[in-house]
Amino acid sequence: MPSFQTSPGTRDILPPQAGRWRAFSAQFADIVESAGYECIIPPMFEDLGVFLRLGDATDVVTKEMYDFEDKGGRRIALRPEHTAGICRAFAQHRPTTPWKVWYSGSNFRYEKAQAGRYRQFDQVGIEVLGSTDPLLDVEVISLGWQFFSSLGLKNVVLMVNSLGDLADRAAYIEALRQYLESRSGELSDEARATLQRNPLRVLDSKRAQDKPVVAGAPTIGQFLSDEARAHFASVIAGLDLLGVPYTINEGLVRGLDYYQRTVFEFVSTSLDSAQTAVGGGGRYDGLVEDLGGPATPGVGFALGIDRTLLACDSEEVFDLGSPQIDAFIVDVVDGMAALRLSDELRAAGFTVDRAYDGRSMKSQMKVADRSGARVAVIIGQDEAEAGNCTVRNLMTSDQSIVLQAELVTHLASIVGERNPRRNTQ
RNA sequence: GUGGGCGUAGCUCAGUUGGUUAGAGCGCCAGGUUGUGGUCCUGGAGGUCGGGGGUUCGAGACCCCUCGUCCACCCCA
């Protein structure tokens, strides 16, 4: 065993998996940038207070925060999610609205690791600040939906709900509390404890014992104000218009306290672990104000990269290999030709690798084969003296001798034309 | 945080009721007549059996502690 290993809940994303992550983010960027969202990169740690707004009854704040005091005596926390930091950035910089941003990055929560759950985990997401338009909620939800579709995922379902405005929500929570307390004798010990902290979360209980009680609970729908009801109706109408399939789930509550009105979650039905939520979001109209900014509505979502990729694995989609190598250079003289030719070919736009350490031709050919290269360019003593090279097509085993000066055109005839690398002036 | 499963070479695993210098397959490296891959053959490198303590004449195997990992709960992406 090596002396050091990754800390609990963290891991190395090695090649080729790391390349898949990069492609994942790139594909996400393509989709949301086409809708006018721009990239934002907030800091990984902030003043602890920024994240306390997520809710003092949530585990994310009370148990899972990576917080510490820095050398300057500041109370700092590693971000457990992106939304709060982005709202803080909005309050700090006051960009014109609507402010549409997307992000891709790591979050940190001190939890015990499990399938699809890590202490350092990555999300991509979008946020829009400055508009209450319900059709914006629709745009946001539909972009999430489109992204899952673009990955090739079929077994993702969308659940939507409305938590109402603050007053609706408060009235509902009170009614729910009264109901649950009246039947607390039937609840599990765990659910009773949850009831004290956050009655909404009892609706999420997975224990069979709690199911009958939860099934009989009052639902949020009866508590919505006229405004909240109209807002939700517009969201539904918009989803219908776009043909985005959804399920209204009145038991859907989100884990963070800042949500109001629209909430939604994307769930993979092809994951068999306990973690099936691959993404979620909603409207958080009070958050910017809570952080000391002007009253500003907001809506957004976050998708878990790990879990979504897990879903891709189980549906056997979005499967990427390593990048294709066009040519592999085998130089058994002194390596100088390999150095020069690889440089020239790369400048011409080809992907080129080579062997090192002056190994035997047989050994270098093995490495060439393993690299998956389509062509081997061989420089032996004869070629070096004649100024040419042997070009071997590793798929067909055809072989020919060409002048080194004509290598670029010859290679293009085998693997196709490439765009030369451009140097910025 | 609670409960359970598991921790033997880079990877996947064997290791009989505790008994001599710990094995296989894959991978890696080098050869198989002196310039060539993917198949085949031969050889080689690589492990303080997660770590610490204990029981024993003797422990990879048994006991305790610890760390890590996986799974469930909790919570969430």
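Convention: sequence-line order gives letters A, B, ...; per-chain numbering from 1.
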Student: Would you say Thr194(A) reaches rC75(B)'s phosphate, i.e. side-chain N/O to OP1/OP2 under 4.0 Å?
Tutor: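 So the side-chain polar atoms of Thr194(A) do come within 4.0 Å of the phosphate oxygens OP1 or OP2 of rC75(B), strictly under.
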
Student: Kindly compute the distance separating CG (Leu151(A)) from CG (Asp319(A)), expressed to the nearest 0.5 Å.
Tutor: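 Spacing of CG (Leu151(A)) from CG (Asp319(A)) equals 12.5 Å.
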
Student: Could you run down nucleotides 27-34 of chain B 5' to 3' and tag each one B, S or - for protein heavy-atom contact under 4.0 Å?
Tutor: -SSS-B--

Student: Side chain of Lys112(A) only, heavy atoms from C-beta on: which candidate in rA77(B), rG37(B), rU2(B) is closest?
Tutor: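 The answer is rU2(B), which lies nearest to the side chain.
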
Student: Look at the side chain of Glu64(A) and the base of rG1(B), then say whether one donor and one acceptor between them are separated by less than 3.5 Å.
Tutor: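 Check fails, no donor-acceptor contact within cut-off.
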
Student: Select one nucleotide: of rC71(B), rG35(B), rA77(B), the one nearest the side-chain heavy atoms of Thr390(A).
Tutor: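 Closest nucleotide to the Thr390(A) side chain: rG35(B).
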
Student: Can you tell me how far P in rG10(B) sits from the matching atom in rG54(B), rounded to whole Å?
Tutor: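 Straight-line distance between the two P atoms is 28 Å.
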
Student: Is any N or O donor-acceptor pair between the side chain of Gln364(A) and the base of rU36(B) shorter than 3.5 Å?
Tutor: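 By the distance-only test, no, there is no pair.
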
Student: What integer number of Å spans the C1' atoms of rG15(B) and rC57(B)?
Tutor: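 Pairwise C1' distance, rG15(B) against rC57(B), rounds to 23 Å.
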
Student: Which residue lies toward the 5' end of RNA chain B, Met395(A) or Gly304(A), if each is placed at its nearest nucleotide?
Tutor: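 It is Met395(A), whose closest nucleotide lies nearer the 5' terminus.
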
Student: Is the distance between the ring centroids of Phe24(A) and Phe147(A) less than 6.0 Å?
Tutor: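 So the answer is yes for these two rings.
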
Student: Tell me every residue that passes salt bridge (charged side-chain N to carboxylate O under 4.0 Å, His left out) with Asp70(A), counting only those two or more places apart in sequence or in another chain.
Tutor: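 Checked Asp70(A) against salt bridge (charged side-chain N to carboxylate O under 4.0 Å, His left out); matches are Arg74(A).
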
Student: What interatomic distance, in whole Å, is found between P of rG51(B) and the corresponding atom of rG32(B)?
Tutor: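 Looking at atom P only, rG32(B) and rG51(B) are 40 Å apart.
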
Student: Could you work out which one of rG37(B), rG3(B), rA77(B) sits closest to the side chain of Arg109(A)?
Tutor: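 Minimum distance to the Arg109(A) side chain belongs to rA77(B).
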
Student: Rounded to the nearest 0.5 Å, what separates atom CH2 in Trp21(A) from atom CG in Asp122(A)?
Tutor: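 Between Trp21(A) CH2 and Asp122(A) CG, I get 4.5 Å after rounding to 0.5 Å.
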
Student: Considering only side-chain heavy atoms of Arg307(A), which listed nucleotide, rA77(B), rG38(B), rG35(B), is closest?
Tutor: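 Nucleotide nearest to Arg307(A)'s side chain: rA77(B).
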
Student: Would you mind telling me which of rA77(B), rU36(B), rA72(B) lies closest to the side-chain atoms of Ala277(A)?
Tutor: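 Among the listed nucleotides, the one closest to the side chain of Ala277(A) is rA77(B).
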
Student: Only Watson-Crick and G-U wobble pairs, only distances under 3.5 Å, only runs of 3 or more: what stems does that leave for RNA chain B?
Tutor: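 As far as RNA chain B goes, consecutive pairing (with distances under 3.5 Å) yields the stems B:1-7 with B:67-73, B:10-13 with B:23-26, B:28-32 with B:40-44, B:50-54 with B:62-66.
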
Student: Once the angle between the rings of Phe266(A) and Phe301(A) is folded into 0 to 90°, is it parallel (under 30°), tilted (30 to 60°) or perpendicular (over 60°)?
Tutor: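 It falls in the perpendicular class, over 60°.
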
Student: Figure out the CD/P separation between Gln381(A) and rG35(B), and round it to whole Å.
Tutor: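 Rounded to whole Å, this separation is 11 Å.
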
Student: In whole Å, measure the gap between the P atoms of rG5(B) and rG43(B) for me.
Tutor: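 One P to the other, the span is 43 Å.
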
Student: Go through the side-chain N and O atoms of Glu383(A) and Thr390(A) and say whether any donor and acceptor fall under 3.5 Å apart.
Tutor: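 The answer is yes; a qualifying pair exists.
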
Student: Would you give the length of the straight line joining atom CG of Leu195(A) to atom CZ of Arg183(A), rounded to the nearest 0.5 angstrom?
Tutor: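 These two atoms lie 13.0 Å from each other.
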
Student: Side-chain donor-acceptor pairs under 3.5 Å in residues 347-355 of chain A, sequence neighbours left out?
Tutor:
{"from": "Thr351(A)", "atom 1": "OG1", "to": "Gln324(A)", "atom 2": "O", "distance (Å)": "2.8"}
{"from": "Thr351(A)", "atom 1": "OG1", "to": "Asp326(A)", "atom 2": "N", "distance (Å)": "3.0"}
{"from": "Thr351(A)", "atom 1": "OG1", "to": "Asp326(A)", "atom 2": "OD2", "distance (Å)": "3.2"}

Student: Does Arg261(A) count as lying over the ring of Phe232(A), i.e. NZ or CZ under 6.0 Å from the six-ring centre, within 45 degrees of the axis?
Tutor: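 Geometry flag: not set, cation outside 6.0 Å or 45°.
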
Student: On a whole-Å scale, what distance lies between the P atoms belonging to rG25(B) and rU21(B)?
Tutor: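 To the nearest whole Å, 23 Å.
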
Student: Tell whether Asp369(A) reaches the base of rG37(B) with its side chain through a donor-acceptor pair below 3.5 angstrom.
Tutor: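 Yes, a donor-acceptor pair under 3.5 Å.
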
Student: In Å and rounded to the nearest 0.5 Å, what is the CD1 to CG distance from Ile248(A) to Asn161(A)?
Tutor: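 Ile248(A) CD1 to Asn161(A) CG: 8.0 Å, rounded to 0.5 Å.
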
Student: Output the distance between atom CZ (Arg119(A)) and atom CD (Glu64(A)), rounded to the nearest 0.5 Å.
Tutor: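 One gets 10.0 Å once the value is rounded to the nearest 0.5 Å.
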
Student: At 4.0 Å (heavy atoms only), tell me whether Ala193(A) reaches a base, stays on the sugar-phosphate, or touches nothing.
Tutor: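 The answer is nothing, as Ala193(A) stays clear of every strand by at least 4.0 Å.
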
Student: Looking at Glu111(A) and rA77(B), is any side-chain donor or acceptor paired with a base atom of the opposite kind under 3.5 Å?
Tutor: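 Result: at least one qualifying N/O pair found.
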
Student: If the C1' atom of rG18(B) is compared with that of rU55(B), how far apart are they to the nearest Å?
Tutor: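 These two C1' atoms come out 11 Å apart once rounded.
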
Student: What's the closest nucleotide to the Arg117(A) side chain, out of rG35(B), rG37(B), rC73(B)?
Tutor: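 The closest nucleotide is rC73(B).
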
Student: Identify each atom pair where a protein N or O and an N or O of nucleotides 42-45 of chain B are less than 3.5 Å apart, giving names and distance.
Tutor:
none

Student: Tell me which residues in residues 8-19 of chain A put a heavy atom below 4.0 Å from RNA chain B, sorted by number, or none.
Tutor: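 Under 4.0 Å from RNA chain B: Pro8(A), Gly9(A).
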
Student: How close do Phe223(A) and Pro218(A) get, counting heavy atoms only, and between which atoms?
Tutor: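 Result for this residue pair: CE1-CB, 4.3 Å.
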
Student: Can Tyr37(A) and Glu139(A) be counted as having a side-chain donor-acceptor contact under 3.5 angstrom?
Tutor: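 Yes, Glu139(A) and Tyr37(A) have a side-chain donor paired with an acceptor closer than 3.5 Å.
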
Student: Looking only at side-chain atoms of Gln399(A), point me to the closest of rC74(B), rG35(B), rU36(B).
Tutor: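 Of rC74(B), rG35(B), rU36(B), rU36(B) is nearest to the side chain of Gln399(A).
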
Student: Hey, which sits more toward the 5' end of RNA chain B by its nearest nucleotide, Tyr118(A) or Met361(A)?
Tutor: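 Mapping each residue to its closest nucleotide by heavy atoms, the 5'-most match is Met361(A).
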
Student: Could you give the distance from OG (Ser400(A)) to NE2 (His410(A)), rounded to the nearest 0.5 Å?
Tutor: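 Rounded to the nearest 0.5 Å, the OG-NE2 separation comes out at 3.5 Å.
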
Student: Taking the same atom, C1', in rG7(B) and in rC29(B), what whole-Å distance lies between them?
Tutor: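 Looking at atom C1' only, rG7(B) and rC29(B) are 29 Å apart.
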
Student: Less than 3.5 Å apart, any donor N or O on the side chain of Ser142(A) or Gln146(A) sitting next to an acceptor on the other?
Tutor: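 Per modelled atom types, Ser142(A) and Gln146(A) side chains form a pair under 3.5 Å.
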
Student: Roughly how many Å is it from CG in Asp382(A) to P in rG35(B), rounded to a whole number?
Tutor: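 About 9 Å, once rounded to whole Å.
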
Student: Roughly how many Å is it from CG in Leu153(A) to P in rA77(B), rounded to a whole number?
Tutor: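 About 18 Å, once rounded to whole Å.
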
Student: What integer distance in Å separates Met65(A):CE from rC75(B):P?
Tutor: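 One finds 18 Å between P of rC75(B) and CE of Met65(A), rounded.
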
Student: Could you check whether Arg11(A) makes a cation-pi contact with Tyr118(A), meaning its NZ or CZ is under 6.0 Å from the centre of the six-membered ring and within 45° of the ring axis?
Tutor: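 Pair Arg11(A)/Tyr118(A) counts as cation-pi.
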
Student: Whole-Å distance between rG35(B) C1' and Asn388(A) CG?
Tutor: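 About 13 Å, once rounded to whole Å.
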
Student: Write down the distance between CD (Glu265(A)) and C1' (rA77(B)), rounded to a whole number of angstrom.
Tutor: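 Distance check: Glu265(A) CD to rA77(B) C1' gives 9 Å.
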
Student: Please give the distance between the P atoms of rC13(B) and rU8(B) as a whole number of Å.
Tutor: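 rC13(B) and rU8(B) have their P atoms separated by 9 Å.
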
